[in-house]
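Comments concern the structure below.
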Amino acid sequence: VFGMKAVQYLRLMDVKWPKSLISHFKGPQFGIDGIKKMLKIEDRPILATVPKPKLGLTSEEHAKVGYEVWLGGVDLLKDDENLTDLPFNKFEERLRLVFKYREKAEKETGERKSYLVNITGDVRKMERRAKLVKEYGGEYVMIDILTVGWGALQTMREVCEDLKLAIHAHRAFHSAFTRNPYHGMSMIVVGELARLAGVDQLHIGTVVGKLDTPKEEVLILKEKLTSEKFEEREGYLSTDWGSIKPVAPVSSGGLHPGLIPHLLSIVGNNIVIQVGGGVLGHPMGPRAGAKAVRDAVDAYLKGISLREYSEKSKELKEALKKWGEVSYK
């Protein structure tokens, strides 16, 4: 239909999924509750960091960034969407080194840590990479779901179930068809399809960051991913998800410690917060950047302003000097 001459603009906004169709899909293997149980996190958001620059770090440099941010209080190290297997940062070497440093970080912090390793590629290559992740003791894989395609994602859902690996879904390329308000397909539909196909985590936007993510869309997408039943409202159709588990929503894109309270006031605590440059760009280094994010979360959960909390956190104080803060009250 999108290719018909008679159609100038056409946009798929939402789908009403019948139970008879939903019953044919497995949905997430773990979902947000299973991931929190895996990481032993109950009452706070899960925190993730992406090494920067996106490309250019060696395997050793990448792994050392992971070690530093884990010590600072971050839970998950995440590959970027365009990092898989490169001449200067080979997939298996990176995997080996990251998990060596992961073991060290867990011993030093007493907290569970994990790695969202990007296995994106053709299906056979993804399967080989997923098996390597399992061999090295990993709990997660990351897939650029829109570039590999839905069929490949469903195949990897089966593979990852056999390997007991969670799937972190990156939505790279979605804006090519979701951003134009008059044409294409909404991120709401992408999210629904991803939940049916069986991802455990999916990026939803931030409202407050650098990406074009309207507040209404972010909140509706979060609800579509996490609710058992989504009630119909203007512009959005109802869905009864039945036994399909909820997906962990991920907020990422231009975040820093000064934005954390404002973000949490919008999206709530049951979420994954991913901060890249807002950790790696900290004047005191990545470990301090990670601690500043963790302290910003703690301040919000305790009802303390960032300025007040920063009096006992030099890491947070330096972050606020660099990036400032956004009021949420």
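Every heavy atom of this structure was used, including side-chain atoms; hydrogens, water molecules and symmetry mates were not.
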Scan residues 37-89 for pairs that pass ring pair (Phe, Tyr, Trp, His ring centres under 6.0 Å), counting only residues two or more places apart or in two chains.
Y67-Y101

Is the backbone of M13 close enough, under 3.5 Å, to the side chain of S186 for a donor and an acceptor to pair up by distance?
yes

Using atom types as modelled, flag every donor-acceptor pair under 3.5 Å from a side chain in residues 123-133 to any protein atom, sequence neighbours excluded.
unit_1 : atom_1 : unit_2 : atom_2 : d
R129   : NH1    : I119   : O      : 3.4
R129   : NH1    : T120   : O      : 2.8

With distance as the sole criterion, is a donor-acceptor pair present between the side chains of Y300 and R44 under 3.5 Å?
no

Tell me every residue that passes salt bridge (Lys or Arg N to Asp or Glu O under 4.0 Å) with E93, counting only those two or more places apart in sequence or in another chain.
none

Chi angles and distances behind the side chain to side chain contact (heavy atoms under 4.5 Å, CB included) call for W17, L193:
CA-CA 10 Å; W17 302 97; L193 288 166; 3.6 Å; yes

Is it true that, when you exclude E161 itself, more than 12 heavy atoms of the residues, nucleotides or ligands shown sit nearer than 6.0 Å to its CD?
yes

Side chains of S114 and E139: donor-acceptor distance under 3.5 Å anywhere?
yes

Whether R102 side chain and G137 backbone form a donor-acceptor pair below 3.5 Å:
yes

Going by atom types only, do K78 and N118 share a side-chain donor-acceptor pair under 3.5 Å?
no

Distance-only polar pair, side chains of E223 and Y236, donor-acceptor under 3.5 Å:
no

Report the C-alpha distance between S251 and V272 in whole Å, list the side-chain angles of each, state the deciding distance to 0.1 Å, and finish with yes or no for side chain to side chain contact (heavy atoms under 4.5 Å, CB included).
CA-CA 6 Å; S251 275; V272 181; over 6 Å; no

Quick check on salt bridge (charged side-chain N to carboxylate O under 4.0 Å, His left out): which of R287, K104, K113 does E68 satisfy it with?
R287

Treat each ILVMFWY residue as a node, draw an edge where side-chain heavy atoms are under 4.5 Å apart, and state whether V199 and V50 are in one component.
no

E103 CD: over 12 foreign heavy atoms closer than 6.0 Å:
no

Should we count CZ of F2 as having more than 12 external heavy atoms under 6.0 Å?
yes

Ignoring hydrogens and geometry, is there a side-chain-to-backbone donor-acceptor pair from D75 to L47 under 3.5 Å?
yes

What verdict does the ring pair (Phe, Tyr, Trp, His ring centres under 6.0 Å) test give for H183 and F177, after you've listed the backbone C-alpha separation in whole Å, the side-chain angles of each residue and the deciding distance to 0.1 Å?
CA-CA 7 Å; H183 191 72; F177 49 87; over 10 Å; no

If we count only N and O atoms by modelled type, under 3.5 Å, do the side chains of K229 and T239 hold a donor and an acceptor together?
no

Thinking salt bridges, do D80 and K52 make one under a 4.0 Å N-O criterion?
yes

Using side-chain contact (heavy atoms from CB on, under 4.5 Å) as the criterion, list what pairs up with K164, not counting sequence neighbours.
Q29, K134

Determine, for R94 against D85, whether the closest basic-nitrogen to carboxylate-oxygen distance falls under 4.0 angstrom.
no

Heavy atoms of other groups near K90 NZ, more than 12 under 6.0 Å:
yes

Intermediate values then yes/no, side chain to side chain contact (heavy atoms under 4.5 Å, CB included), L255 and Q274
CA-CA 8 Å; L255 295 176; Q274 179 191 301; 6.0 Å; no

Are I244 and M156 grouped together when hydrophobic residues (ILVMFWY) are joined by side-chain heavy atoms under 4.5 angstrom apart?
yes

Do side-chain atoms of R195 reach the backbone of K224 as a donor and acceptor pair under 3.5 angstrom?
yes

Salt bridge check, D144 against R171: does any charged N sit closer than 4.0 Å to a carboxylate O?
no

Salt bridge (charged side-chain N to carboxylate O under 4.0 Å, His left out): pairs with one or both residues in residues 296-308, sequence neighbours excluded
R307-E325

Give a yes or no on whether a salt bridge exists between E318 and K321, defined as a side-chain N under 4.0 angstrom from a carboxylate O.
yes

Verdict with reasoning, K36 to N270, per side chain to side chain contact (heavy atoms under 4.5 Å, CB included)
CA-CA 9 Å; K36 284 199 160 187; N270 206 23; 3.0 Å; yes

Restricting to salt bridge (Lys or Arg N to Asp or Glu O under 4.0 Å), what partner residues turn up for E92, sequence neighbours left out?
none

